[in-house]
Amino acid sequence: MKKTLFDKVWDSHVVQQVEDGPDILFIDRHMVHEVTSPVAFLGLKNRNIPVLYPERTFATADHNTPTINQHLPVEDPLSANQLKALEENAAAHGISYWGLGHEKNGIVHVVGPEYGITQPGATIVCGDSHTSTHGAFGAIAFGIGTSEVEMVLSTQCIMQPKPKSMRININGELGKGVTPKDVALYIISRLTTSGATGYFVEYAGDVFTSMTMEGRMTVCNLSIEMGARGGMIAPDEKTFDYIQGREFTPTGAAWDKAKAYWDTLHTDEGASFDKEYHFDASEIEPMITYGTNPGMGMGITNGIPNAYAVEGGAATYKKSLAYMGYNEGEDMIGKPIDFVFLGSCTNGRIEDFRAFAEIIKGRKKADNVTAWLVPGSHKVLAAIKEEGILDELHNAGFELREPGCSACLAMNDDKIPAGKYAVSTSNRNFEGRQGPGSRTLLASPIVAAAAAVTGKVTDPRTLL
Amino acid sequence: MAYDKFNVLTSTAVPLPIENVDTDQIIPARFLKATERIGFGDNLFRDWRYNQDDSPKEDFVLNNPRYSGKILVGGKNFGSGSSREHAAWAVYDYGFRCVVSSFFADIFKNNCLNIGVLPVQVSPAFLADIYAAIEEDASTELVVDLPAQTITISSTGASESFDINTYKKGNMTNGFDDIDYLLNIKDSIRDFAANTPL
C-alpha cells in the first residue's frame, strides 16, 4: 500500500489500537518546560509511580525566565517557584535539565534541534503547541496538554486518534524579501486559523526543498496556527547535514543504520491525502497581520480587507479590528509602531538574526521604537557574538537580551504596554498575547527590522 | 487522576457568541505560574472579564447576573492556540462541565476530554438555535445526555446528536482516565520500546 510520510512514522509507533477509540502512540522524545509540567509531576507523586524512561525526556526552562540579569535570582516569586519545581522534579526523576544559566539553555524548540534531540522519523511531544517545529526534520511532533505530559512521563505513550492527512504544495521561486515566515503567514491567511484542524500537514514542493533547515522549522512551527496538530517535511541531504555531529545524533554504525531508515521517509508516489492544496510561490509577498489571529494576515502592500470579504462572522472581525485600532480598507504601510520583538521559537535562530542585521546595518534604530531582540538559545547568542552581528546591532543602537520565550507570550516582565503596537516575529497576535491590551503585528525578521529603523510599517524590499 | 463521572447534565447555559476564542483569552499566560491545579477559575477570561484595575467589565457575559449555569456555549473554533491545559482547568474550576460550540480546536478539545469537561460539537444552525433560545429566556435549560449522545434545548424541544468515540465516552461516564489504561498495558509498552530505534 502506498503510504504518506506521516503514515510511515505514525504507523510505526502504534503500540496498540483501541477499538472505536484512539491509537496508543509510542513517544520517542519528550521535551519538558517549567509551565506545563509541574501538575504532571504532581500527578506522578499522587499515584506514586516513576518516570518510565527518564532518558527519553529533556527539560529546559524558557517560558517564564527573565531575559536580563539571568545571573541574579529570579525576582518574581511565582516564576522562581515554578523554575525550582522543574529543577527538583528533573533531579528526582533523573531527567536532564538545562536550566537558567546552563550553557545549553534556551527555548525548548530551539535547543531540541541544536543538540540533535530532534531526529527524522521520531515521535516528539511537549506541553507546548509549537512542538510542531520539530516536524522540519521529518518527525511527527506536536503539542500536548498536561494530562498527556503525565501520560508520557509515566508510560511513554499517549492516546490519540490518527489525524487526517493534508499536503500543502508550493512550487516556483520566492520573490525578493519573501522569507519562510511569509510563506507560513500566507498559507494561514488562505486556510484560516481553523482550516487544518483535525489534520497533520506535509509541506511539499520546490519552496520547501530549497528552504534551509531553520526556514523549515519556522514553517512547521506555525502549523498549529491554522489548527493543524503538526506539520512535517520529508528529510533530505540538508536534514542529514544539519543533524550530523550533534550531541544526541547517532554516530558510526548507528548513524549508518539510522540513515538507511531515514532515507525511506518520504511520501510514496501515488499515496493519497484527505486534503491537498497547491499554491504558487510567486503570489507570496512579505506578509503582515492586521488583526487578532494569525489568519488575519496579508501582503504588506495590500489594504485591510473589508468585513464582507472575509469568511466567518463580521461581528468577530469588526471586534478584532476595533481592538487593533484599525479600519477596513486602510493600508498597513506607514502605520506607526512602538515596539519590535525579534525572537521566539518561530524566529529566534541565527538566520533570523542575520536577516535582521542585513537590514539594520548602516542604519539607526528609530527613536520612537523600543526593540527587544531575544536569541532563542545560548548557542544562538554565542553565534550572534562570533559572527559580529552583536557589533552591528550596537552600532545601529540596538541592545541584545538573554535567551527565552520573552515577549512572545509575556509571562515574564517583557510585556508590551496596553495600546502599543509591536511588530513581532513571534507566532500569535491574539488580544493581550504580548501583554494586557498590547497590539501585535506578526511579520518576518526583515519586516521587523524595516519597522525598527523607520519607526513604522515599511516594505522591507525598499531597504534591501 | 480520575475525575467526575458525566452522565446527563441539565443546566442553564452561558452564551459567548464570539468566534476563534483562543486560549490566551480563556486564561492569559501571566496566570500560568502555579505549580498546582488550584484557582484557575478566578482568572477565566481574565482580560475580557476585568478591567486593568480589577473592576469587573459589566458588559462581559460572566458578569451579567442574567446568565449562569454549568454549560458554556462558544462560537466557532473555540479554544484555538496554545496547548495549555490550564484553559480547560479554568473552564472546569469556574464551574462549567460542558462546552458547546460548532467547532473546537484540537488540543483544547482533547484537554477537556482528559479532565472530564465534555466538548459537544453541534451544527452551526443548532448553535444559532441555542443562542436564540437563551436570548429569549435565560432560564432555558440545555439537556446534555452523554449515554444517548444528544443535546436538547428544553424550551423548544429541539435536539441534535453529537459524536464521541466509544472509548472516550466510556471514560467520561465512568470517570476513568487514559493513564489508568496505559498503566495496565505497561508490559506491551516495554516490549515495544525495546524494539524502537531511538
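Keep in mind that what you see is a predicted model, and the values were worked out from it rather than measured. Per chain, numbering begins at 1; letters A, B, ... match sequence-line order.
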K.L.:
Would you mind checking which part of Leu409(A) comes under 4.5 Å of any heavy atom in chain B, side chain (CB onward), backbone (N, CA, C, O), both or neither?
P.N.:
both
K.L.:
Counting only heavy atoms from other residues, nucleotides and ligands, does the tally under 6.0 Å from NZ of Lys57(B) exceed 12?
P.N.:
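Atom NZ in Lys57(B) is crowded, with more than 12 foreign heavy atoms closer than 6.0 Å.
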K.L.:
Can you give me the closest heavy-atom contact between Gly21(A) and Tyr167(B), atom names plus distance?
P.N.:
CA-CB, 3.8 Å
K.L.:
Would the number of heavy atoms belonging to other residues, nucleotides or ligands and lying under 6.0 Å from CD of Glu136(B) be above 12?
P.N.:
no
K.L.:
Counting only heavy atoms closer than 4.5 Å, note whether Ser129(A) contacts chain B via side chain, backbone, both or neither.
P.N.:
both
K.L.:
Heavy atoms only, distances under 4.5 angstrom: which of Ile144(A), Thr292(A), Ile49(A), Leu86(A) has the most pairs with chain B? Name it, please.
P.N.:
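Going by pairs under 4.5 Å, I would pick Ile144(A).
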K.L.:
Is the shortest side-chain heavy-atom distance between Lys76(B) and Thr316(A) below 4.5 Å?
P.N.:
no
K.L.:
Hey, could you give me the OG1/CZ distance between Thr36(A) and Arg84(B), rounded to the nearest 0.5 Å?
P.N.:
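It comes to 10.5 Å.
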K.L.:
Could you tell me whether a side-chain N or O of Gln82(A) sits under 3.5 Å from a main-chain N or O of Leu32(B), the two making a donor and an acceptor?
P.N.:
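Indeed, once roles are kept as given, a pair shorter than 3.5 Å links the two residues.
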K.L.:
Quick one: does Arg56(A)'s side chain get under 4.5 Å of Thr196(B)'s, heavy atoms only?
P.N.:
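Arg56(A) vs Thr196(B): side chains touch.
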K.L.:
Does any non-hydrogen side-chain atom of Asp177(B) lie less than 4.5 Å from one of Met159(A)?
P.N.:
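No, too far: nothing below the 4.5 Å cut-off.
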K.L.:
Contact between Asp47(B) and Glu431(A) at the side-chain level, heavy atoms closer than 4.5 Å - yes or no?
P.N.:
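No, every pair of side-chain atoms sits at 4.5 Å or beyond.
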K.L.:
With a 4.5 Å heavy-atom cut-off, do Leu52(A) and Ile189(B) have their side chains touching?
P.N.:
yes
K.L.:
Could you tell me which of Ile158(A), Asn412(A), Val39(A) has the largest number of non-hydrogen atom pairs under 4.5 Å with chain B?
P.N.:
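Of Ile158(A), Asn412(A), Val39(A), Val39(A) has the most heavy-atom pairs under 4.5 Å with chain B.
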K.L.:
So Phe41(A) and Thr35(B), do their side chains get closer than 4.5 Å, heavy atoms only?
P.N.:
no
K.L.:
Assess whether atom NZ of Lys259(A) is packed by more than 12 heavy atoms of other residues, nucleotides or ligands within 6.0 Å.
P.N.:
yes
K.L.:
Tell me, for Arg46(B) versus chain A, whether the close heavy atoms (under 4.5 Å) come from the side chain, the backbone, both or neither.
P.N.:
neither
K.L.:
Drop me the distance from Glu85(B)'s CD to Glu150(A)'s CD, to the nearest 0.5 angstrom.
P.N.:
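Atom-to-atom, Glu85(B):CD and Glu150(A):CD are 9.0 Å apart.
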K.L.:
Taking everything shown except Asp256(A) itself, do over 12 heavy atoms lie less than 6.0 Å from its CG?
P.N.:
yes
K.L.:
Mind ranking Asn110(B), Asn20(B), Ile18(B) by heavy-atom pairs under 4.5 Å with chain A and telling me who comes out on top?
P.N.:
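Greatest number of close heavy-atom pairs with chain A: Asn110(B).
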K.L.:
Is chain A contacted by the side chain of Ala34(B), its backbone, both, or neither, given a heavy-atom distance below 4.5 Å?
P.N.:
backbone
K.L.:
Under 4.5 Å from any heavy atom of chain B, what part of Val14(A) do you find: side chain, backbone, both or neither?
P.N.:
backbone
K.L.:
Which atoms of Arg428(A) are under 4.5 Å from chain B, going by heavy atoms: the side chain, the backbone, both sets, or neither?
P.N.:
side chain
K.L.:
What I want to find out is whether Asp76(A) reaches Lys33(B) closely enough, with some N-O distance under 4.0 Å, to be called a salt bridge.
P.N.:
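Looking at Asp76(A) and Lys33(B), the cut-off is met.
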K.L.:
Do NZ/NE/NH1/NH2 and the carboxylate oxygens of Lys168(B) and Asp20(A) come within less than 4.0 Å?
P.N.:
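No, Lys168(B) and Asp20(A) are not salt-bridged.
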K.L.:
Does any backbone or side-chain atom of Ala315(A) lie under 4.5 Å from a heavy atom of chain B? Answer side chain, backbone, both or neither.
P.N.:
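Ala315(A) has no heavy atom closer than 4.5 Å to chain B.
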K.L.:
Could you name the residues of residues 22-31 of chain B that have a heavy atom within less than 4.5 Å of a heavy atom in chain A?
P.N.:
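Within residues 22-31 of chain B, the residues that come under 4.5 Å of chain A (heavy atoms only) are Asp22(B), Asp24(B), Gln25(B), Ala29(B), Arg30(B).
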K.L.:
Looking at Ser188(B) and Gln16(A), what are the two nearest heavy atoms and their distance?
P.N.:
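So the minimum-distance heavy-atom pair works out to OG-NE2, 3.5 Å.
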K.L.:
To the nearest 0.5 Å, what is the distance between CD1 on Ile115(B) and OG1 on Thr146(A)?
P.N.:
10.0 Å
K.L.:
Between atom CZ of Phe142(A) and atom OG of Ser83(B), what is the distance when rounded to the nearest 0.5 Å?
P.N.:
11.5 Å
K.L.:
Side chains of His86(B) and Val35(A): closer than 4.5 Å at any heavy-atom pair?
P.N.:
yes
K.L.:
Sort Asp178(B) into side chain, backbone, both or neither according to what part of it lies under 4.5 angstrom from a heavy atom of chain A.
P.N.:
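Interface part for Asp178(B): both.
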K.L.:
Does any heavy atom of chain B fall under 4.5 Å from the side chain of Asn64(A), the backbone, both, or neither of them?
P.N.:
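Just the side chain, heavy atoms under 4.5 Å.
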K.L.:
Counting only non-hydrogen atoms closer than 4.5 Å, does Lys257(A) touch chain B with its backbone (N, CA, C, O), its side chain (CB onward), both, or neither?
P.N.:
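Nothing of Lys257(A), per the 4.5 Å heavy-atom cut-off to chain B.
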K.L.:
Tell me, yes or no, whether the heavy-atom count around Asn48(A) atom CG, taken from other residues, nucleotides or ligands under 6.0 Å, exceeds 12.
P.N.:
no
K.L.:
May I ask you to name which of Phe248(A), Tyr261(A), Tyr53(A), Tyr317(A) has the most heavy-atom pairs under 4.5 Å with chain B?
P.N.:
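Going by pairs under 4.5 Å, I would pick Tyr53(A).
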K.L.:
Hey, does Gln52(B) have a side-chain heavy atom less than 4.5 Å from the side chain of Pro436(A)?
P.N.:
yes
K.L.:
So which bits of residues 92-108 of chain B come within less than 4.5 Å of chain A, counting non-hydrogen atoms only?
P.N.:
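The stretch touches chain A at Phe103(B), Phe104(B), Ala105(B), Asp106(B), Ile107(B).
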K.L.:
What part of Ile164(B) lies closer than 4.5 angstrom to a heavy atom of chain A: side chain, backbone, both or neither?
P.N.:
neither
